[in-house]
Amino acid sequence: MACVVAAAFSPLEVGAGYLLWLHMLQHMLLMLGAAPLLAASLPPAFVGWLARRPRVGRLVQALWNPWTATAMYNAAVVLWHVPAAYEWVLRSESAHALQHATFLFTAVVFWAVILGPGRHPSPGQRLVAVGVSAVVQFLPAFALAVSDRVLYSPYLEVPRLWGWAALDDQRWAGVLMWVGMNLAYAAAALWVARPLLRPEPPLRGVEEPRV
């Protein structure tokens, strides 16, 4: 919750209207800070109880499907970074709130699937979901980092905070997204793969070979 407060109810919220990299930092706090922590705090028994409810059970089961969760999460990231959608966010407070709510909700569901206990989905499925997310979200990050023109025109219309040029601001936002998400997904992949990396215990009754 501290990450949510820092992202949405701090001076960062004001600065995001002037600098794209500050806006990107908001997104990182919501999707890579608050979301995995909130997902890890979900009691498995409560989620299982919801899944057995007659009205919401099917919805919960559909959301907890690894491919549904991954598709929702990546669609939210890619679609909200389309210039028309992002410019709408910069010009409308309600659109801005909707964007952040979408990021947080889809990210919580995604991280709940990736970090949740149990054998379903399998470690292999979770690793595929993490890998797909890393590849898909590389696209908007790369576009921001290497573009030779400002993609979001509202940032050309506001005072340049701290002397940041609009194009430099955009490129650093892309780098922040690129590096931040890659680090998060690398850590998640190691977390998911940790049971596969442990040596198997020796069979009972079988002596260890002496070296």
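For the numbers below, each heavy atom of this structure counts, side chains included, while hydrogens, waters and symmetry mates do not.
The closest side-chain heavy-atom distance from Leu151 to Arg149 is below 4.5 Å. Between His81 and His27, some side-chain heavy-atom pair lies under the 4.5 Å cut-off. Side-chain contact between Ile114 and Val130 is present, with heavy atoms from C-beta onward closer than 4.5 Å. In this structure, Leu167 and Gln170 have side chains that are in contact, with non-hydrogen atoms separated by less than 4.5 Å. The shortest side-chain heavy-atom distance between Leu42 and Leu38 does not fall under the 4.5 Å cut-off. Contact annotation: the side chain of Trp164 approaches that of Trp21 to within less than 4.5 Å [non-hydrogen atoms, C-beta and beyond]. You'll find the side chain of Cys3 stays beyond 4.5 Å of the side chain of Leu30, heavy atoms only. The shortest side-chain heavy-atom distance between Leu20 and Tyr86 falls under the 4.5 Å cut-off.
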Could you walk me through whether Met31 and Phe110 pass the side-chain contact (heavy atoms from CB on, under 4.5 Å) test, one step at a time?
CA-CA 10 Å; Met31 292 186 292; Phe110 173 78; over 6 Å; no
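With hydrogens and angles disregarded, no donor-acceptor distance shorter than 3.5 Å links the side chain of Arg52 to the backbone of Gly57. Side chain of Gln125 to backbone of Pro66: no donor-acceptor contact under 3.5 angstrom is found.
Within a 6.0 Å sphere centred on CZ of Phe138, other residues, nucleotides and ligands contribute more than 12 heavy atoms. A 6.0 Å sphere centred on CD of Glu93 holds no more than 12 heavy atoms belonging to other residues, nucleotides or ligands.
Residue Leu183 holds its CG atom at 11.0 Å from CE of Met28, rounded to the nearest 0.5 Å. For the atom pair CZ of Arg58 and CG of Leu63, the computed distance is 14.0 Å after rounding to the nearest 0.5 Å. In this structure, CG on Leu156 lies 10.0 Å from CG on Asp169, to the nearest 0.5 angstrom. Atoms CG and NE2, from Leu98 and His96 in turn, are 11.0 Å apart once rounded to the nearest 0.5 Å. In this structure, the separation between CG on Leu29 and OG on Ser10 is 8.0 Å, given to the nearest 0.5 Å. Taking CH2 of Trp64 as the reference point, atom CG of Leu59 lies at 9.5 Å (rounded to 0.5 Å).
A single hydrophobic cluster is seen to contain both Trp67 and Val136, as judged by linkage of ILVMFWY side chains at heavy-atom distances under 4.5 Å, directly or through other members. The hydrophobic cluster containing Val146 does not contain Met181, counting ILVMFWY residues as joined when their side-chain heavy atoms lie under 4.5 angstrom apart, directly or transitively. In terms of hydrophobic clustering, with Ile, Leu, Val, Met, Phe, Trp and Tyr side chains grouped at heavy-atom distances under 4.5 Å, Leu32 and Leu12 are assigned to a common cluster. Two different hydrophobic clusters hold Leu37 and Phe105 under the rule that ILVMFWY side chains link at heavy-atom gaps under 4.5 Å. The hydrophobic clustering, which links ILVMFWY residues whose side-chain heavy atoms are closer than 4.5 Å, places Trp172 and Tyr18 together.
A donor-acceptor contact under 3.5 angstrom links the side chains of Gln137 and Tyr185, judged on distance only.
Ring planes of Tyr152 and Tyr155: tilted class, angle from 30 to 60°.
Taking the ring centre of Trp88 as origin, the terminal cationic atom of Arg91 falls outside the region bounded by 6.0 Å and 45° from the ring axis.
Across Ala145 and Trp178, no two heavy atoms sit closer than the pair CB-CE3, 4.3 Å.
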